[in-house]
Amino acid sequence: MTKPTKVTNSICQMRLDHNGMTQAELAKEVGVTRQTVNAIEQGKYSPSLEVAFQIARVLGRDLTEVFQYPAET
Amino acid sequence: MSFQAKSTAVMLAALTIAYGWYGLQVIRLADGVPADQVEYQPLVLIVVVPLVVIATIGHIIISALNPSEADSHDERDREIARRGSVVGGWIVSVAALGTLFAAMAELDHFWIAHLVLAGLVLAELADGTWRLVLYRRGV
């Protein structure tokens, strides 16, 4: 099945690097449900810019470190 | 599965059971009876009871199973709900046009009422089904 978004992210690895933060903990910090964090990690949902910035801030990273978009080919 | 996804599944089940029962009762009442003599009006009101009971019990159960997530929702739930509503809106529009033509063709009130009712129920079913697809497939 094709993913509904081209945006990829490194949230899962960055969570683990961030003191082993769980999806539920990240979700609580950002103010979304755990299932939404899971959907974002799996590329099934592109978050709003605001939520994307909040995720990057909680993980202590820049937005472009957390989220990537493939270059035009 | 998020609380809103479970809630959507509960509402789909409640609608299917309640209006499935309604459909069977109307077919039974209409058997061999002219459309203008079918006493469907009490059923339209009565069907709300099982719908509300099933939906309420279902929501109590899903809330009790995971109290910390009860009634939680976020931007993804709102986006999925919006997309579901678009699908439901199309079906209501088609049903409204069908009802308009039925009225212009001077069909019996029985058929006009059931075109409206079918449109509303099918719109809710399509809305809920599409939401569950989006929860699973992604948006």
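Because only heavy atoms are used, hydrogens play no part in the values below, and waters and symmetry mates are left out as well, while side chains stay in.
Using a distance-only test at 3.5 Å, with no hydrogens or angles considered, a donor-acceptor pair links the side chain of A/K44 to the main chain of B/R136. Side chain of B/E75 to backbone of A/S48: a donor-acceptor contact under 3.5 angstrom is found.
Screening A/V30, A/V51, A/V37, A/V32 against B/D74 for a side chain to side chain contact (heavy atoms under 4.5 Å, CB included) leaves a single residue, A/V32.
B/E69 touches chain A through its side chain: at least one heavy atom from C-beta onward sits under 4.5 Å away, while N, CA, C and O do not.
Note that OG of B/S72 and CZ of A/R34 are 10.0 Å apart. Values are rounded to the nearest 0.5 Å. The CD atom of B/E79 lies 11.5 Å from the OG1 atom of A/T36; values are rounded to the nearest 0.5 Å. The OG1 atom of A/T33 sits 5.5 Å away from atom CZ of B/R76, with the distance rounded to the nearest 0.5 Å. Summarising the geometry, atom CD belonging to A/Q35 is positioned 11.5 Å from atom CZ belonging to B/F3; distances are rounded to the nearest 0.5 Å.
Within 6.0 Å of CD on A/E50 lie no more than 12 heavy atoms contributed by other residues, nucleotides or ligands. Heavy-atom neighbours of A/R57 CZ from other residues, nucleotides or ligands within 6.0 Å: at or below the threshold of 12. For B/Y40, the OH atom is densely surrounded, since the number of other residues' heavy atoms within 6.0 Å is greater than 12. Environment of CH2 in B/W111: sparse, with no more than 12 heavy atoms of neighbouring residues, nucleotides or ligands closer than 6.0 Å.
B/L122 and B/L115 fall into different hydrophobic clusters, where Ile, Leu, Val, Met, Phe, Trp and Tyr are joined by side-chain heavy atoms under 4.5 Å apart, directly or via other members. Follow the hydrophobic side-chain contacts under 4.5 Å out from B/Y22 and you reach B/L12 in the same cluster.
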